[in-house]
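All chains are named by letter (A, B, ...) in the order of the sequence lines, taking the proteins before the strands, and each is independently numbered beginning at 1. Being a predicted model, the structure only gives us computed values, none of them experimental. Every heavy atom of this structure was used, including side-chain atoms; hydrogens, water molecules and symmetry mates were not.
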Amino acid sequence: MNYTLLFIIGFFVQTMVMISLDFANSKMDKNHRYYQLLQAFRVIIAASLIWLMISFFAQIYMGWISFPE
Amino acid sequence: MNSEYKKGITPMHLVISGVTAGVCIVLALFAIILVPVPGLPSASGFWIPAGFYFVFTLWFGIWGALGGHIATFIAMGYFSGYTLHIWLDGGLGDFIAPLVTLIIFRALKADPELKTKKDWITWIVSVPISSLVCGLWVHSVNLAFGIITPPFWWIGVVTYFLGDSAAIFIVGTPLLKTLSKYVKASPVYVEGIFS
């Protein structure tokens with residue numbers, strides 16, 4: 001599997017994790033002991049996705065990511 | 001932290017290690033912005049995952065550091081061409097570095113929420129110290145095994161020192177400042193090193 005495909009799959013997997021956390025968090029009671037931790041992890045994964053987007057464009061510039069002509 | 005929660009090491013701490021490893025591995029694999037320094041194994045110019053696993057370590061103690069270590073180890077394995085001892089060396093360096101910051105924080109009783117001047121000074125001083133310790137470890141081992149030559153040793157140490165510190169400050173500071181209060185309210189927040 002080439003790097004570009006692996007990158008895109010990794011990005012989508014993390015996006016799915018974030019959507020799942022969002023869903024779980026919305027169904028959870030606000031007084032649940034893990035409610036706030038889950039919220040923190042949602043933000044962490046969102047930050048991670050932002051960095052992945054930045055690095056995606058940076059890596060196109062660096063030549064690590066390329067697409068077939 | 002909420003005192004009604006059970007103290008001690010729980011299975012949830014291992015789950016936290018797994019979750020932190022899961023977050024960090026994607027970043028360790030893909031979020032590298034600058035090309036690694038030629039001639040220097042395991043040295044990236046701007047090591048973004050460090051920003052995340054330093055934060056996890058200040059929240060979850062050794063369990064956060066363990067997650068960062070697992071992620072680094074696996075990610076370095078993907079970039080094949082590195083031998084096993086380079087993986088171990090780099091992975092161990094990334095395990096030691098956040099623990100140095102954690103020990104400094106605990107010794108000085110600083111708060112990861114960065115509320116007081118003391119917390120801020122501890123954060124600003126401990127991160128470069130940790131990055132330097134990590135750089136010295138990784139490149140001294142590489143030098144001892146003959147993987148790098150002496151002229152590259154100091155370049156590697158400086159690369160680690162600057163690259164890791166920059167990433168940790170840029171990513172870690174806002175995460176600590178904004179999210180620490182939420183994590184501290186959970187049962188898995190670690191007040192010491194292990195629990």
Side-chain angles (χ1 to χ4, degrees), chain A, chain B residues 1-2 4-6 10 12 15-16 19-20 22-36 44-53 55-56 59-60 64 67 71 75 78-80 112-113 167 170-189:
Chain A
M1 191 183 294
N2 70 40
Y3 180 76
T4 303
L5 188 58
L6 201 63
F7 189 115
I8 292 166
I9 290 171
F11 186 85
F12 271 98
V13 167
Q14 202 154 57
T15 307
M16 293 308 292
V17 170
M18 175 146 168
I19 292 168
S20 307
L21 280 181
D22 203 30
F23 181 73
N25 209 202
S26 68
K27 296 286 173 196
M28 196 179 258
D29 186 86
K30 281 189 179 170
N31 295 318
H32 193 281
R33 57 191 190 151
Y34 288 115
Y35 181 81
Q36 295 201 32
L37 182 71
L38 219 56
Q39 281 200 318
F41 268 110
R42 278 170 55 197
V43 177
I44 291 270
I45 292 178
S48 161
L49 285 171
I50 289 167
W51 273 111
L52 284 175
M53 280 188 259
I54 293 168
S55 53
F56 182 79
F57 291 107
Q59 289 180 18
I60 289 174
Y61 176 75
M62 283 156 50
W64 287 15
I65 288 176
S66 57
F67 300 97
E69 294 288 320
Chain B
M1 183 181 159
N2 199 331
E4 75 198 35
Y5 296 136
K6 189 180 155 189
T10 65
M12 268 310 286
V15 173
I16 286 293
V19 172
T20 56
V23 173
C24 290
I25 194 166
V26 178
L27 291 161
L29 277 169
F30 305 122
I32 298 163
I33 292 179
L34 296 182
V35 182
S44 138
F46 194 59
W47 186 234
I48 285 295
F52 286 82
Y53 60 68
V55 169
F56 289 139
W59 288 341
F60 308 121
Y78 174 75
F79 289 110
S80 53
E113 264 190 88
I170 290 169
V171 176
T173 309
L175 292 179
L176 281 179
K177 190 70 193 150
T178 54
L179 299 178
S180 291
K181 60 177 178 287
Y182 299 109
V183 178
K184 282 169 86 176
S186 79
V188 285
Y189 177 73

Top contributor to chain B interface from A:Ser48, A:Gly10, A:Ala47 [non-hydrogen pairs under 4.5 Å]: A:Ser48

Exercise: identify the closest heavy-atom pair between B:Phe52 and A:Ile44: CE2-O, 3.7 Å

side-chain contact (heavy atoms from CB on, under 4.5 Å) between A:Leu37 and B:Tyr189, intermediate numbers included: CA-CA 9 Å; A:Leu37 182 71; B:Tyr189 177 73; over 6 Å; no

CD1 on B:Ile16 to CZ on A:Phe41, rounded to 0.5 Å: 4.5 Å

Straight-line distance of B:Ile48 CD1 to A:Leu52 CG, nearest 0.5 Å: 10.0 Å

Note, A:Trp51 side chain near B:Val26 side chain (heavy atom, < 4.5 Å): no

Atom of B:Lys181, atom of A:Gln36 and distance for their closest heavy-atom approach: O-OE1, 4.3 Å

Residue selection (most heavy-atom pairs with chain A, distance under 4.5 Å) from B:Val19, B:Val183, B:Leu27, B:Ile25: B:Leu27

Any A:Tyr35 side-chain heavy atom under 4.5 Å of B:Tyr182 side chain: no

